[in-house]
Amino acid sequence: MSPLDSCDPRKAFLSTGFLLMVFPDDQMLQRLYAAFFSLVYLVALIGNLLIITLTTIDQHLQTPMYFFLKNFSLIDICYISVTVPKFIMNSLANSHSISFMGCASQVFFVVFFADTEFALLLVMSYDRYVAICCALHYEAIMNRGSCVQMVTASWFSGCVYGSIHVAGTFSVLFCGSNIVHQFFCDIPPLLTLACSGEQILEYVLIIASFCFAFVCFSFMVASYVYIASTVLRIPSSQGRFKTFSTCMPHLTVVILFLSSGFIAYLGLNSKSPSSLNLFMSVLYSLLPPSLNPVIYSLRNKDMKAVLRIFL
């Protein structure tokens with residue numbers, strides 16, 4: 001792909017859009033990748049829809065924890081649906097193009113759902129803290145109204161973050177090649193296409209976001225420190241295990257989500273395709289939504305019992 005017209009690069013990018021080319025330009029490989037992505041997408045879709053269905057129809061799962069889990073599964077479906085179907089269609093059509101507005105939409109929704117998911121993980125850690133450390137006041141604190149307010153705040157924060165980052169990313173002047181070495185439009189690979197010095201605002205926003213995420217993560221850590229100290233005071237080892245096992249799915253998802261996100265944003269700032277880029281792309285965008293239903297269903301006795309009845 002030759003460089004775009006440098007006389008009016010912003011206008012050129014608006015008219016031509018971008019090319020998503022992280023994978024080798026081989027039709028057979030493209031179809032293999034499309035088949036793999038379709039399988040993962042189907043697994044994520046079925047798993048998360050199953051969790052939404054079970055937590056909606058079964059009366060035993062009408063608690064705050066499962067209310068948050070239902071919203072979490074909905075976010076996972078939305079998050080993976082932003083990027084994967086477009087890639088599958090492009091691969092089958094042997095096309096790599098995406099319009100300027102389509103690219104901006106992907107950036108907005110990826111950040112929107114990722115931040116909403118992180119905010120909801122913070123809410124779920126608070127739910128586990130109240131359930132274990134303030135068990136006598138759990139129903140009063142985690143009432144229906146407060147749960148709805150916390151979920152609404154999570155979605156709203158994601159919308160705000162998505163708007164800020166899409167404005168920061170697409171306020172820059174793009175110049176040079178329009179090839180994005182990623183299978184969807186994401187902030188780090190897009191910033192490599194910006195003219196020198198244009199990325200400062202978005203880099204500042206990314207650093208600010210990481211600082212805020214670190215503060216939220218510190219609250220999660222503090223919650224689990226209090227949870228651990230409370231669990232250790234339980235006399236029986238069986239009681240300690242049973243109590244802490246309710247936190248293990250959430251803790252596993254937090255580690256998976258944060259580690260994949262940090263690795264991706266620290267390593268995807270590359271101007272050339274590589275197997276490492278491919279691995280981190282899959283790790284960041286496919287792994288959490290597809291594994292989250294497995295983590296919650298396989299380690300949760302209530303979910304497994306309802307699933308047996310449902311099937």
Side-chain angles (χ1 to χ4, degrees), residues 47-80 109 111-162 212-213 215-228 230-231 242-258 288-289 292-297 299-307 310:
N48 285 292
L49 281 175
L50 192 59
I51 286 180
I52 292 172
T53 303
L54 294 178
T55 53
T56 301
I57 64 174
D58 193 90
Q59 293 301 315
H60 298 94
L61 302 181
Q62 303 301 312
T63 62
M65 182 176 75
Y66 295 109
F67 174 68
F68 297 139
L69 180 57
K70 178 164 59 177
N71 278 270
F72 195 79
S73 295
L74 177 60
I75 295 168
D76 275 340
I77 291 174
C78 296
Y79 178 69
I80 198 170
F109 284 113
V111 177
F112 173 23
F113 293 124
D115 183 78
T116 304
E117 188 161 314
F118 180 72
L120 198 56
L121 284 172
L122 179 62
V123 170
M124 292 168 78
S125 68
Y126 176 70
D127 172 70
R128 291 299 84 206
Y129 162 76
V130 176
I132 295 173
C133 301
C134 310
L136 296 177
H137 306 285
Y138 180 74
E139 291 186 4
I141 297 173
M142 302 301 293
N143 57 67
R144 181 71 179 179
S146 62
C147 291
V148 171
Q149 288 175 359
M150 285 187 279
V151 168
T152 303
S154 299
W155 284 91
F156 179 74
S157 69
C159 185
V160 170
Y161 261 78
F212 182 72
V215 172
C216 293
F217 179 68
S218 299
F219 280 110
M220 289 188 197
V221 172
S223 298
Y224 275 100
V225 168
Y226 280 108
I227 288 171
T230 303
V231 169
K242 183 178 179 181
T243 303
F244 196 71
S245 64
T246 63
C247 303
M248 286 307 297
H250 175 262
L251 195 57
T252 306
V253 170
V254 168
I255 294 171
L256 176 64
F257 178 79
L258 292 180
N292 288 348
V294 177
I295 293 170
Y296 275 105
S297 61
R299 296 191 61 89
N300 190 297
K301 292 182 179 179
D302 294 334
M303 289 291 294
K304 286 190 287 186
V306 174
L307 183 60
F310 183 78

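- Counted by atom type alone, Asp115 and Ser157 present one or more donor-acceptor pairs between their side chains at under 3.5 Å.
- Within the 4.5 Å cutoff, no side-chain heavy atoms of Lys70 are placed close to those of Ile51.
- Phe109 and Phe113 have parallel rings, their planes meeting at less than 30° on a 0 to 90° scale where 60° marks the start of perpendicular.
- Nearest heavy-atom pair across Phe118 and Phe217 is CZ-N, 4.2 Å.
- The shortest side-chain heavy-atom distance between Leu49 and Ile77 falls under the 4.5 Å cut-off.
- With hydrogens and angles disregarded, a donor-acceptor distance shorter than 3.5 Å links the side chain of Ser146 to the backbone of Ile141.
- At least one side-chain heavy atom of Phe112 sits under 4.5 Å from a side-chain heavy atom of Trp155.
- Residue Glu139 qualifies as open at atom CD: its count of foreign heavy atoms under 6.0 Å is 12 or below.
- In plain terms, the two heavy atoms of Pro288 and Asp76 that are nearest each other are O-OD2, 4.4 Å.
- Here Ser223 contributes atom OG and Leu122 contributes atom CG; the two are 7.0 Å apart, rounded to the nearest 0.5 Å.
- Contact detail for Leu120 and Ile75: the closest heavy-atom pair is CD2-CD1, 3.8 Å.
- One finds the CD1 atom of Ile132 at 10.0 Å from the OH atom of Tyr138 (value rounded to the nearest 0.5 Å).
- Between the side chain of Asn48 and the main chain of Pro289, a donor-acceptor pair closer than 3.5 Å is present.
- When Thr63, Val151, Thr55, Leu121 are each tested for a side chain to side chain contact (heavy atoms under 4.5 Å, CB included) with Phe68, only one passes: Val151.
- In terms of modelled atom types and a separation under 3.5 Å, the side chain of Asn71 and the main chain of Phe67 share a donor-acceptor contact.
- Using a 4.5 Å heavy-atom threshold, the side chains of Val221 and Ser218 count as separate.
- Minimum interatomic distance between Glu117 and Asn292 (heavy atoms only, all atoms of both residues): OE2-ND2, 3.8 Å.
- Minimum interatomic distance between Gly145 and Asn143 (heavy atoms only, all atoms of both residues): N-OD1, 3.1 Å.
- Side-chain atoms of Met142 and Met150, non-hydrogen and from C-beta on, do get closer than 4.5 Å to each other.
- Residues Ser154 and Val123 form a side-chain contact, since some pair of their non-hydrogen atoms from C-beta on lies under 4.5 Å apart.
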